[in-house]
Amino acid sequence: MRSVSETRAERTAARSAAAGGGRPGRLKPTIIIALVAGVLALWPLIADNPYMLSAGVIVLNFAVFATAWNIMGGFTGYISLGHTAFFGLGAYGTALLVINWDVPSFVALLVAAVGTLVIAIPVGFAALRVRGASFVIVTIALVLVLQLVFQSWRDVTGGSNGLVVPRPFPDLLRPEHHLVFYFLFLALLVVVLLVWMLIDHSRFGAALKAVREDEDKAESLGVATGKMKLVAFAVSAFFVSLSGGLYGLWFGDLDPIFQFDVVLSAQIVLMALLGGIRYLFGPLVGAVIVGAALEYFLLNFGETQFHLVATGLLLAAVVLFVPDGVLTGVAQLIGRFKPQAASIREQSAEQLRDAREAEKAEKAGLAKPEQVQDEQGMEDDRG
């Protein structure tokens, strides 16, 4: 039988691990991230033509975008359809720095991401003052406004004619170009996954989850909900901007209609929801499924709008049948085949009995209840 002090120590350790203070809780996801990255790095060996390799680049771009979006949407529960604005700002910011000021491509990428971060702070401060459907409408309005601005500002952005971005590796052939950017996107994905994992195992992440579960209660308990949401919004925008800038350098042709597309935002949200916003690899799984499906529709049906219908139907199916994501459904399915644990009521009663016996032992000045039973047995033998 354990003493009360031992029980309290175990509870304290459990709380510390739950709050992210234990290193083993971070080590396992880090190893899994490395394994997943290793598996994804094999795709260039499997892809037998440049098109398949370029499709892999697109899917990784979606994965980075969706995982970065999940830093805001997954932790706080705020569904933003406006993150395409930061994707477009990163792409155009990088391109304009390279074209107009001859800034090196990857330096321009970082500068544009920092500039987008600066813009995202006041935008987030204004948008996060509302919740629910109002927040969604505000984020959609942001995308539409920027789309109109970049279409109309022809002298700077090229308008509907597009903007050609100089290639950072002009000497490479197209297949080699795809290969280099595949691994660049893979490296960025690993960074975003690590950031998500660190947030998930931190006090900051715990505060964001409290906002997601019950924001009013979290605020009443002293959580600075406004500040926490704003930081998550800004960090998410920063990595989305990096994704957009890297996409611009890879694709080489920017169009305001695509870079600031609400449909793209809906697809990213679909990817995160499909995989599971509460899981580290949920957006990645969703990006692989949806990204591969979009490439299939594009390859077989061309530039028709059939992919939009398919996206809408898939989004409706996710909301109706797997609202917590595919990974949640898989975890529940695996749980059905595991041996069932004792009921909560039985465990609580057993713990309560142990605690009472331990308290009696402490009052008697002994460390373990077994010693009380042994002494009582000795007295009975003497009697």
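Just so it is clear, the structure is predicted and the values come from calculations on it, not from any experiment.
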**Request:** Output, in order, the C-alpha distance, side-chain angles, deciding distance and verdict of side chain to side chain contact (heavy atoms under 4.5 Å, CB included) for Phe233 and Ile71.
**Result:** CA-CA 8 Å; Phe233 188 86; Ile71 293 176; over 6 Å; no
For the atom pair [atom1] ([X]) and [atom2] ([Y]), what is the distance rounded to the nearest 0.5 Å?
X	Y	atom1	atom2	value
Leu96	Leu254	CG	CG	8.5 Å
Gln259	Thr84	CD	OG1	9.5 Å
Tyr78	Arg131	OH	CZ	5.0 Å
Ile268	Asn70	CD1	CG	11.5 Å
Trp69	Leu81	CH2	CG	8.5 Å
Phe238	Ser243	CZ	OG	12.0 Å

Measuring only between side-chain heavy atoms, which start at C-beta, is [X] closer than 4.5 Å to [Y]?
X	Y	result
Leu193	Met197	no
Leu294	Phe62	yes
Val165	Asp253	no
Asp200	Lys209	yes
Val288	Phe281	no

**Asked** Could you walk me through whether Tyr247 and Phe258 pass the ring pair (Phe, Tyr, Trp, His ring centres under 6.0 Å) check?
**Response** CA-CA 12 Å; Tyr247 175 86; Phe258 174 76; 5.8 Å; yes
**Asked** Taking atom types as modelled and ignoring hydrogens, do the side chains of Asp255 and Ser160 form a donor-acceptor contact shorter than 3.5 angstrom?
**Response**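 No donor-acceptor contact under 3.5 Å links the two side chains.
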**Asked** Will you find, in the side chains of His178 and Trp250, an N or O donor that is under 3.5 Å from an N or O acceptor?
**Response**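 The answer is yes; a qualifying pair exists.
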**Asked** Going through the distances and angles, do Phe75 and Trp196 end up as a ring pair (Phe, Tyr, Trp, His ring centres under 6.0 Å)?
**Response** CA-CA 9 Å; Phe75 283 120; Trp196 198 97; 4.6 Å; yes
**Message:** Salt bridge check, Glu213 against Arg278: does any charged N sit closer than 4.0 Å to a carboxylate O?
**Reply:**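 A salt bridge links Arg278 with Glu213.
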I'd like to know if the side chain of [X] and the backbone of [Y] have a donor-acceptor N/O pair within less than 3.5 Å.
X	Y	answer
Ser236	Ala232	no
Ser241	Ala237	no
Thr139	Val136	yes
Ser134	Val130	no
Glu295	Ala292	no

Nearest atoms (heavy-atom pairs only) where [X] meets [Y]:
X	Y	value
Gly291	Met271	N-CE, 4.5 Å
Pro166	Ile99	CD-CG1, 3.7 Å
Leu273	Ile277	CD2-CG2, 3.9 Å
Val240	Ala68	CG2-CB, 3.6 Å
Val103	Ala108	CG1-N, 3.6 Å
Ser105	Pro168	OG-CB, 3.5 Å

**Request:** Would you verify whether the NZ or CZ of Arg167 falls within 45 degrees of the ring axis of Phe169 while also being under 6.0 Å from that six-membered ring's centre?
**Result:**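 No cation-pi geometry.
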Would [X] and [Y] show up in the same hydrophobic cluster when neighbours are defined by side-chain heavy atoms closer than 4.5 Å?
X	Y	answer
Leu172	Phe106	yes
Leu42	Phe183	no
Ile257	Leu264	no
Val98	Leu163	no
Val118	Leu97	no

**Stepwise ring pair (Phe, Tyr, Trp, His ring centres under 6.0 Å) test for Phe65 and Phe185** = CA-CA 10 Å; Phe65 195 162; Phe185 272 109; over 10 Å; no
**Message:** Pair Asn61, Val57 - check side chain to side chain contact (heavy atoms under 4.5 Å, CB included), show working.
**Reply:** CA-CA 6 Å; Asn61 177 46; Val57 175; 5.5 Å; no
**Phe150 and Tyr92 aromatic ring geometry - parallel, tilted or perpendicular at 30°/60° bounds** =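 If you compare the ring of Tyr92 with that of Phe150, the planes turn out tilted.
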**Message:** Does Tyr51 have more than 12 heavy atoms from other residues, nucleotides or ligands lying within 6.0 Å of its OH?
**Reply:**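 Correct, the count exceeds 12.
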**Asked** What do you reckon, is CZ of Arg129 surrounded by more than 12 foreign heavy atoms closer than 6.0 Å?
**Response**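 Counting neighbours around CZ of Arg129, 12 or fewer heavy atoms of other residues, nucleotides or ligands fall under 6.0 Å, so no.
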**Working for side chain to side chain contact (heavy atoms under 4.5 Å, CB included), residues Leu327 and Val285** = CA-CA 8 Å; Leu327 294 183; Val285 172; 4.3 Å; yes
**Message:** I'd like to know whether Leu148 forms a side chain to side chain contact (heavy atoms under 4.5 Å, CB included) with Phe260, so could you lay out the CA-CA distance, the side-chain angles of the two residues, the decisive distance to 0.1 Å, and finally the verdict.
**Reply:** CA-CA 9 Å; Leu148 291 174; Phe260 301 97; over 6 Å; no
